[in-house]
Q: 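This is the structure, below, for whatever I ask next.
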Amino acid sequence: MAGVVLKMNQILEDLPFSERKVAKYVSENLNDMVGLSVEELAGRSGSSQAAVVRFCKKLGCKGYRDFSIQLVTELAVAQLANNERADYSDIRAGDNAGTVIRNVCHHNIQAIEDSISLVEPDLVELCAEKLFYAQRVDLYAIAASNLVAQDAQQKLMRINKRVTAYSDPHLQLSSASNLTSGDVAIALSWSGETREVLEAARLAKRNGSFLIAITRYGRVPLAEFADVHFGLSAPEMAIRSGAMSSRIAQMTMIDILFSCVVSRHYQETVPYLERTRQVVRAAK
């Protein structure tokens with residue numbers, strides 16, 4: 001289960017104005033939240049009690065009491081986490097190799113750890129079943145996300161799935177127009193707003209395919225019509241060199257889905273994995 005602070009920070013800018021005021025107050029006054037009543041939070045944030053409750057439910061909490069309990073639990077270790085993160089920074093001019101190594105590895109590790117807390121196991125199992133039984137799997141992505149789509153294609157191909165990753169918008173639309181209810185479409189867009197991917201995903205869903213969206217956590221357009229939305233987290237640096245940590249988060253999600261397919265259908269998939277491994281070894 002993801003922490004409420006992580007979720008709050010990820011969806012902050014997507015919240016309605018009244019709920020955003022609550023979120024901003026909480027974010028800026030974490031140490032003052034212990035023991036605060038819903039009435040007091042509404043007053044201090046300049047919002048309403050109804051907005052506070054809606055805000056809590058947006059974070060997956062049953063209500064304000066549930067939110068308070070989860071927040072207090074997180075605050076017990078928050079100071080340590082903040083101190084650790086303070087040791088790492090964005091890319092800076094003149095950084096030596098040791099500093100670069102620590103910063104890049106920290107951000108990638110943080111992306112994986114945060115994303116793990118956001119992924120629901122039941123949804124992973126559902127998608128694994130859909131992928132295993134799919135007649136066809138098509139992936140839609142562009143730019144850095146297309147690298148993730150290519151990785152997914154390579155993995156699923158190894159277990160004899162009919163899979164294709166499309167980066168060209170016209171080919172994406174052609175693919176989506178021919179999908180059916182027996183197929184799976186995977187749409188990858190970190191922003192969840194990439195126009196070309198949105199159009200292909202919307203068409204794929206309209207034609208009855210099972211749609212999996214992999215994006216950042218929060219309210220994004222791509223999630224609105226996906227059957228399953230995996231919203232991930234990544235502490236992306238200001239200088240986004242190749243969308244570094246977000247790409248790592250997406251690739252980790254692909255690894256999770258692939259590994260779950262193999263684990264749940266071990267006897268059926270392992271022979272294909274072994275066959276492709278031997279062929280590749282012989283070609284070296």
Side-chain angles (χ1 to χ4, degrees), residues 1-86 109-127 190-193 212-236 245-246 249 252-253 256:
M1 183 65 67
V4 291
V5 175
L6 171 62
K7 285 185 174 181
M8 177 178 65
N9 291 335
Q10 292 293 317
I11 69 172
L12 179 62
E13 298 305 320
D14 298 323
L15 292 171
F17 180 69
S18 59
E19 296 168 34
R20 194 183 312 150
K21 289 198 294 184
V22 177
K24 286 186 175 181
Y25 180 84
V26 173
S27 180
E28 295 169 0
N29 300 275
L30 287 173
N31 294 329
D32 298 328
M33 287 298 300
V34 178
L36 203 66
S37 69
V38 62
E39 294 88 353
E40 290 172 322
L41 177 55
R44 294 187 185 185
S45 63
S47 189
S48 66
Q49 293 184 40
V52 171
V53 173
R54 289 196 302 271
F55 160 72
C56 294
K57 291 184 175 181
K58 291 277 178 65
L59 301 178
C61 301
K62 296 177 182 178
Y64 182 70
R65 178 177 174 77
D66 184 26
F67 166 77
S68 297
I69 293 172
Q70 292 191 43
L71 182 60
V72 167
T73 301
E74 290 181 45
L75 289 177
V77 294
Q79 188 60 51
L80 176 61
N82 288 336
N83 289 340
E84 290 177 349
R85 277 193 287 269
I109 291 169
Q110 191 68 47
I112 293 172
E113 290 180 344
D114 287 348
S115 295
I116 285 173
S117 69
L118 294 167
V119 176
E120 296 290 342
D122 290 347
L123 294 181
V124 172
E125 292 188 356
L126 170 63
C127 290
W190 186 250
S191 68
E193 302 173 354
I212 302 171
I214 301 178
T215 74
R216 65 176 177 85
Y217 183 80
R219 296 176 59 188
V220 297
L222 192 55
E224 294 177 4
F225 47 89
D227 292 287
V228 173
H229 172 223
F230 291 114
L232 310 177
S233 175
E236 205 63 77
S245 57
S246 59
T252 300
M253 190 67 242
I256 290 170

Q: What closest approach, in Å, do G192 and P221 show between heavy atoms, and which atom pair accounts for it?
A: O-CD, 3.3 Å
Q: In plain terms, say whether D14 and R216 are close enough for a salt bridge, that is, a side-chain N and a carboxylate O under 4.0 Å apart.
A: yes
Q: Yes or no on side chain to side chain contact (heavy atoms under 4.5 Å, CB included) for M253 and V124, after CA distance, side-chain angles and deciding distance?
A: CA-CA 9 Å; M253 190 67 242; V124 172; 4.0 Å; yes
Q: Could you give the distance from CG (L15) to CD1 (I11), rounded to the nearest 0.5 Å?
A: 4.5 Å
Q: Apply side chain to side chain contact (heavy atoms under 4.5 Å, CB included) to the pair Y64 and L41, showing each step before the final yes or no.
A: CA-CA 10 Å; Y64 182 70; L41 177 55; 3.5 Å; yes
Q: How long is the gap from NZ on K24 to OG on S45, to the nearest 0.5 Å?
A: 12.0 Å
Q: Distance from C56 atom SG to Q70 atom CD, nearest 0.5 Å?
A: 9.5 Å
Q: Which atoms form the tightest heavy-atom contact between P16 and R219, and what is the distance?
A: CD-NH1, 4.2 Å
Q: Hey, which of I214, T215, L123 is the one that makes side-chain contact (heavy atoms from CB on, under 4.5 Å) with H229?
A: T215
Q: Please report the C-alpha distance between L71 and L30 in whole Å, then the side-chain angles of each, then the deciding distance to 0.1 Å, and finally whether the side chain to side chain contact (heavy atoms under 4.5 Å, CB included) criterion is met.
A: CA-CA 9 Å; L71 182 60; L30 287 173; 4.0 Å; yes
Q: Quick one: pull up OG in S37 and CD in Q49 and give me the separation to the nearest 0.5 Å.
A: 8.0 Å
Q: Quick check for you: to the nearest 0.5 Å, what is the distance between F55 atom CZ and C61 atom SG?
A: 8.0 Å
Q: Just by modelled atom types, is the S115 backbone N or O under 3.5 Å from a matching donor or acceptor in the S233 side chain?
A: no
Q: Which atom names give the shortest non-hydrogen contact between A213 and A226, and what distance separates them?
A: CB-CB, 3.7 Å
Q: Determine, step by step, whether F230 and C127 satisfy the side chain to side chain contact (heavy atoms under 4.5 Å, CB included) criterion, reporting the C-alpha distance in whole Å, the side-chain angles of both residues, the deciding distance to 0.1 Å, and the verdict.
A: CA-CA 10 Å; F230 291 114; C127 290; 3.8 Å; yes
Q: What pair of heavy atoms forms the shortest contact from S27 to N9, and how long is it?
A: OG-OD1, 3.8 Å
Q: Kindly compute the distance separating CG (L6) from CG (L118), expressed to the nearest 0.5 Å.
A: 5.0 Å
Q: Which heavy atom of S48 sits nearest a heavy atom of A42, and at what distance?
A: C-CB, 3.5 Å
Q: Is any side-chain heavy atom of I116 closer than 4.5 Å to a side-chain heavy atom of T252?
A: no
Q: Do you know which two heavy atoms are closest between A51 and E19, and how far apart they sit?
A: O-CG, 3.7 Å
Q: Is the shortest heavy-atom distance from the side chain of Y217 to the side chain of D114 under 4.5 Å?
A: no
Q: Is there side-chain contact between L232 and V119, with at least one heavy-atom pair below 4.5 Å?
A: yes
